[in-house]
Amino acid sequence: MKKNVIVGQSGGPTAVINASLYGVVYEALNREDACGTVYGMINGIEGFLNDQIMDMEPLERSGELELIKTTPGSYLGSCRYKLPEDLGDEVYPKLFEKFEQYGIGYFFYIGGNDSMDTVSKLSRYAEKTGSDIRFMGIPKTIDNDLVRTDHTPGFGSAAKYVSSTVREIAIDASVYDNKKSVTIVEIMGRHAGWLTAASVLARKFEGDNPVLIYLPEAAFDPEKFISDVKEALEKVPNLVVCISEGINDGNGTFICELASDVGVDNFGHKMLTGSGKYLENLVKEKIRVKVRSIELNVCQRCSSAMLSATDQKEAIASGAYGVKCAVEGETGKMIGFSRVPGAEYRIDYVAEDVNLICNQEKTVPLEWITKNGSDIGQEFIDYALPLIQGEVKVPSKDGLPLFAYRK
């Protein structure tokens, strides 16, 4: 018997979050044996609670579905809604009544750690109440911090953006070589420094910028930082330094907290900003050279200009594989990537228990961080290079990119 499908997106976007959406929708529309109407949640589970949904099939007939693959942002809209820990909360029967109302048999949620928490809670409630709805998580995050997967869709394109942008910043900084200068680039990453580590890919030779790279996995000492900068300036007059927004003292205090009050988001996570500006002022005070700080901000997570073809391909495949698994009976799972050993890069798609993934965090291995916490080793380079490969042509008309827009 056919069951209807619903898919949503949650959390911050990535350059390929819509490619994952394409994978889910395209595969579900082509599984006419098992899947009926394919719905999209507008603004995630929060929107669904308010009956904000749309039929996705007209997008395929109009050709709009193909444009989704290269559209930045989250096509369906997003939310940061946290389901209650107590499965006895009234929101759960309300959600499942709506699932029944729309004839939902398959639920797909594209997102990061908190989204996998949503999949976990819904699948556990379904088991508790005897519901046969199948719940699947499709991973996305530029932070690359989900466990039980080699990497996540979104990281490759973001890493490509970071490395390319840092390279351009380094070239810009080098044009004034008659006076010493320091450029500090602040990159996203609260507890996991994967994206900041990708700045090492900007180097063209040993000793090239960025000379210093600091991740949150290694304790950060401002005095040692000043010493590192002074030493590096003796060899590279126009120094570029890359830092994660979440660099900390190793005891729970973020460096940005030394400069200002820090708020929290709906999930209780500290909203980090200002680490680069704090270090800019520190360099200005202690070394007295020309210094500036740059925060890459949202472009690193939503830019489609530097899409990695590998990343896009894997995002589409992960969405499609999620549908395949659900139709075959899987539930309470997240689609993970398993890297196949060997010289040639290849991955297998696997369904992992979402309960072992949510509320966990994968960090950069300490052995990949070198020079007492100020550099990145070859192991990371070998790991990351395959993920940024290939270019994607964005459809255009009259020289302007064509994107899908939700009506």
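Residue indices begin at 1 and follow the sequence shown.
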(request) Establish, from distance only, whether the side-chain atoms of S120 and N355 form a donor-acceptor pair under 3.5 Å. (result) yes

(message) For F220, run the ring-ring contact (aromatic ring centres under 6.0 Å, His included) check against Y278, F225, F254 and tell me which one passes.
(response) F225

(request) Ignoring hydrogens and angles, state whether a donor on the side chain of N238 or S174 is under 3.5 Å from an acceptor on the partner side chain. (result) no

(request) With salt bridge (Lys or Arg N to Asp or Glu O under 4.0 Å) as the test, would you mind laying out the steps for E234 and K230 before giving the verdict? (result) CA-CA 7 Å; E234 295 303 313; K230 285 180 178 178; over 6 Å; no

(request) Could you pull out the closest heavy-atom pair between S199 and I213, with the gap in Å? (result) OG-CD1, 3.5 Å

(message) Is it true that D117 and N359 share a donor-acceptor pair across their side chains at a distance under 3.5 Å?
(response) yes

(message) Regarding D382 and Q378, do their side chains bring together a donor and an acceptor under 3.5 Å, going by distance alone?
(response) yes

(request) Run through F48, Y125, Y102, F99 and flag the one making a ring-ring contact (aromatic ring centres under 6.0 Å, His included) with F107. (result) F99

(message) If you compare all heavy atoms of Y383 against all heavy atoms of R339, which two are closest, and at what distance to 0.1 Å?
(response) O-NH2, 3.0 Å

(request) Report yes or no: do Y22 and E66 form a side-chain donor-acceptor pair below 3.5 Å? (result) yes

(request) Kindly indicate whether the side chain of V340, heavy atoms from C-beta on, has any atom under 4.5 Å from the side chain of D348. (result) yes

(message) Can you confirm whether or not the ring centre of F96 sits under 6.0 Å from the ring centre of F135?
(response) yes

(request) List the atom of A202, the atom of D208, and the distance in Å for their closest heavy-atom pair. (result) O-OD2, 4.2 Å

(message) For a 4.5 angstrom cut-off between non-hydrogen side-chain atoms, does I243 reach V185?
(response) no

(request) Give a yes or no on this: more than 12 heavy atoms of other residues, nucleotides or ligands lie within 6.0 Å of atom NZ of K371. (result) no

(message) Using the rule side chain to side chain contact (heavy atoms under 4.5 Å, CB included), only one of I68, N30, V7 pairs with V25; which is it?
(response) V7

(message) Checking side-chain polar atoms at under 3.5 Å, does E217 have a donor or acceptor matched by the opposite partner on H191?
(response) no

(request) Quick one: do K333 and D353 satisfy salt bridge (Lys or Arg N to Asp or Glu O under 4.0 Å)? Show the steps, please. (result) CA-CA 5 Å; K333 301 292 178 67; D353 186 346; over 6 Å; no

(message) For a quick test of reading the model, state the closest non-hydrogen atom pair linking R190 to P216 and the distance between them.
(response) O-CB, 3.7 Å

(message) Ignoring hydrogens and geometry beyond distance, is a side-chain donor-acceptor pair present between Q360 and N113 at under 3.5 Å?
(response) no

(request) Would you check if there is a donor-acceptor pair between the side chains of Y81 and N43 at a distance under 3.5 Å? (result) no

(request) Please check if any side-chain donor atom of R292 sits under 3.5 Å from a side-chain acceptor atom of T183, or the reverse. (result) yes

(message) To check you understand the geometry: which heavy-atom pair defines the closest contact between L282 and P222, and what is its length?
(response) CD2-CB, 3.8 Å

(request) Work out which heavy atom in I142 is nearest to a heavy atom in R301; give both atom names and the distance. (result) CD1-CB, 3.5 Å

(message) Against Y214, only a single residue in T196, I184, I369, D228 fulfils side chain to side chain contact (heavy atoms under 4.5 Å, CB included); can you say which?
(response) D228

